[in-house]
Asks: 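Take a look at the following structure, please.
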Amino acid sequence: MKVVAGEFGYVLQDVPHLRDYIPNLPTYPNPLRSNPAYSVVKQYFVDMDDSVPQKIVVHKDTPRGIHFRRAGPRERVYFASDEVLACIVTCGGLCPGLNTVIREIVHSLDCMYGVNEVLGIDGGYRGFYSKNTIPLTPKVVNDIHKRGGTILGTSRGGHDTMKIVDSIQDRGINQAISRCQVYIIGGDGTQKGAAVIYEEVRKRGLKVVVAGIPKTIDNDISVIDKSFGFDTAVEEAQRAINAAHVEAESTENGIGVVKLMGRYSGFIAMYATLASRDVDCCLIPESPFYLEGEGGLFEYVEKTLKENGHMVIVIAEGAGQELLAAKNEQDASGNKLLQDVGLWLSEKIKENFSKKRKIPITLKYIDPTYMIRAIPSNASDNVYCTLLAQSAVHGAMAGYTGFTSGLVNGRHTYIPFNRITEEQNKVVITDRMWARLLSSTNQPSFLDPKGIDEFKKDEGPPTQLLDDTRDSGDGKNGNTNTITNEIQALKT
Ligand SMILES: Nc1ncnc2c1ncn2[C@@H]1O[C@H](COP(=O)(O)OP(=O)(O)OP(=O)(O)O)[C@@H](O)[C@H]1O
Ligand SMILES: O=P(O)(O)OC[C@H]1O[C@](O)(CO)[C@@H](O)[C@@H]1O
Ligand SMILES: [Mg+2]
């Protein structure tokens, strides 16, 4: 990672640039200079020294900390318009907003930079070497943002670095110079794949930009404020929760169980619960729970039914997997295949109340997971996708590479791949947000006081979406330690 240190503990975790490994690259004035739409903007071009702090809650004596390069157009670009061949690929699971990102990359390249050779790679990473490409023009992508899914198709597995870079190299050859910009849209796995593609491109000395756009409905990508499609997913989840609530309150001892996505991170479940207020219990992968005995789920269900006559449980798909018989199967990308915990929980509740204890209940189980994932993005996600795509295009034209375009503290930035892939974003159950949820649902924490102390000791990953005060600059958490270590390393 390129790290630049400044005064008062300022650290820039910078992204690579083509000129780092290709000397004497020609530059050109940014075509936006003569674009009537942008020429009215007072200071349209981003100052070379602009950076965005990762941490904005500070004390007067804390170091300035980690910063990322601010995204946006630069005065000079490293590609002539007619030189560029851009490729776009989507990988991993579906997520609302994928088509918007594709549309906006094509439009930004065309309208802002006059680039009109854009290829869609069909069906994820393996499409680079085993499938046909799809020519993308502003006309072809004009109304795709209104559709769910991805017009390019997607896949898991099939990442063969050499074959992918061979294909990029072959396609991009123009008068013996490769001249590709590769836009890779996908989750944590995809960004890891993009990082190794970048390494190989650099090893071969190619004039090829590798730019990532983070996609994950689970919001499990670290550093960034939140991922696109997340808002849409939380909003759409309300419909399922409402239905579960209507069903539950219409019968005596009615229970609605809703399963939401979230393989390792329970953000959708947590935010959907906080938004709805109809949910009595939210179960997420980060917070282990148990069924029987004092402080267990069954005890809470019984109490809630006695008090309210009905209840709604939201469960993230990755919650409680340790309670189910292990399956040990993986998908093509190596992700663990999960068991249906919603179905399992529903059966367990029925078994305990209806069969064992002869307490009549009516339970309805709703699994809207794929319905949520497949819808088009809402208005705010559409704007977010547009800005992410534009940032990626500005960065690529300016010669930056090996970066993910991401929102940090509300500002668009370029984040080095290794920062994005080093850890996953998780709900920190010792943060105030989870406490807000517990106090809004009144559910048990499923932790005894000793367990709570254990969790507090475990620092967990820093998270941006939450109102996180752990990162208080006292040197006791990962983030600050990283800063201190880096400053120390630079000094010595
Ligand atoms: N460590 C890795 N190195 C290279 N390629 C990887 C790596 N991990 C995953 N990939 C590739 O990235 C692509 C997408 O990975 P994966 O299926 O894990 O989805 P993802 O990008 O994490 O998205 P999501 O989990 O949100 O659906 C796959 O083609 C996979 O082969
Ligand atoms: O069934 P698929 O396509 O493998 O995807 C399932 C997974 O993809 C996601 O939507 C995104 O990672 C997860 O929430 C879910 O576990
Ligand atoms: Mg993933």
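Start at 1 and go down the list; that is how both ligands and their atoms are numbered. Since we're looking at a predicted model, the values are computed, not measured.
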Asks: So, regarding V196 and ligand 1 (criterion: nitrogen or oxygen to nitrogen or oxygen, under 3.5 Å), is there a contact or not?
Replies: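 In fact, backbone or side chain, V196 has no N or O that close.
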
Asks: Give the residue, atom name and distance (to 0.1 Å) of the protein heavy atom nearest atom 1 (O) of ligand 2.
Replies: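 It is Y370 OH, 2.4 Å.
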
Asks: Examine D331 against ligand 1 and note whether any of their N/O atoms are separated by less than 3.5 Å.
Replies: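 Among all N and O atoms of D331, none is under 3.5 Å from an N or O of ligand 1.
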
Asks: Would G187 count as being in polar contact with ligand 1, using the rule that some N or O on each side must be under 3.5 angstrom apart?
Replies: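 N/O-N/O distance below 3.5 Å exists for this pair.
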
Asks: Kindly indicate, with the supporting measurements, whether the criterion salt bridge (Lys or Arg N to Asp or Glu O under 4.0 Å) is fulfilled by R373 and E236.
Replies: CA-CA 9 Å; R373 207 171 76 160; E236 189 63 9; over 6 Å; no

Asks: Counting the benzene-type ring for Trp, do H310 and H245 have ring centres under 6.0 Å apart?
Replies: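 Between H245 and H310, which both carry aromatic rings, the centre distance is below 6.0 Å.
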
Asks: As a quick check of understanding, evaluate salt bridge (Lys or Arg N to Asp or Glu O under 4.0 Å) for D20 and K2, giving each step before the final call.
Replies: CA-CA 10 Å; D20 295 346; K2 273 167 75 176; 3.1 Å; yes

Asks: With heavy-atom distances below 4.0 Å as the criterion, list the atoms of ligand 2 near G262.
Replies: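 Heavy-atom distances to G262 below 4.0 Å select 14 (O).
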
Asks: If I apply the N/O under 3.5 Å rule, does D331 come out as touching ligand 2?
Replies: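 Looking only at distances, the answer is no, because the N/O contact criterion of under 3.5 Å is not met.
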
Asks: Taking atom 12 (O) of ligand 2 as the point of reference, which of R263, M261, E317 owns the nearest heavy atom?
Replies: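 Nearest option to atom 12 (O) of ligand 2, by heavy atoms: R263.
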
Asks: Run down the list R263, K192, Q424 and name the one with the heavy atom closest to atom 25 (O) of ligand 1.
Replies: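 The residue whose heavy atom sits nearest atom 25 (O) of ligand 1 is R263.
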
Asks: Look at D188 and state whether any of its N, O or S atoms is less than 2.8 Å from the Mg ion (ligand 3).
Replies: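 So D188 does bind the Mg ion (ligand 3) by this criterion.
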
Asks: Verify the ring-centre separation between F230 and Y271: is it less than 6.0 angstrom?
Replies: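 When the ring centroids of Y271 and F230 are compared, they turn out to be within the sub-6.0 Å range.
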
Asks: Heavy atoms only, cut-off 4.0 Å: how does I217 contact ligand 2, side chain, backbone, both, or neither?
Replies: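 It is the side chain that gets close, since no backbone atom is under 4.0 Å.
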
Asks: Minimum distance, heavy atoms only, to atom 23 (O) of ligand 1: which one of K215, M261, R373 is it?
Replies: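 Looking at heavy atoms only, K215 sits closest to atom 23 (O) of ligand 1.
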
Asks: What protein heavy atom is closest to atom 6 (C) of ligand 2, reported as residue, atom name and distance in Å?
Replies: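 Minimum-distance protein heavy atom for atom 6 (C) of ligand 2 reads R373 NH1, 3.5 Å.
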
Asks: Can you list the steps and then say if H394 with Y113 is a ring-ring contact (aromatic ring centres under 6.0 Å, His included)?
Replies: CA-CA 9 Å; H394 290 314; Y113 290 103; 5.7 Å; yes

Asks: Any idea which protein heavy atom is nearest atom 11 (C) of ligand 2, and the distance to it?
Replies: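 Nearest protein contact, heavy atoms only, for atom 11 (C) of ligand 2 is D218 OD2, 3.9 Å.
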
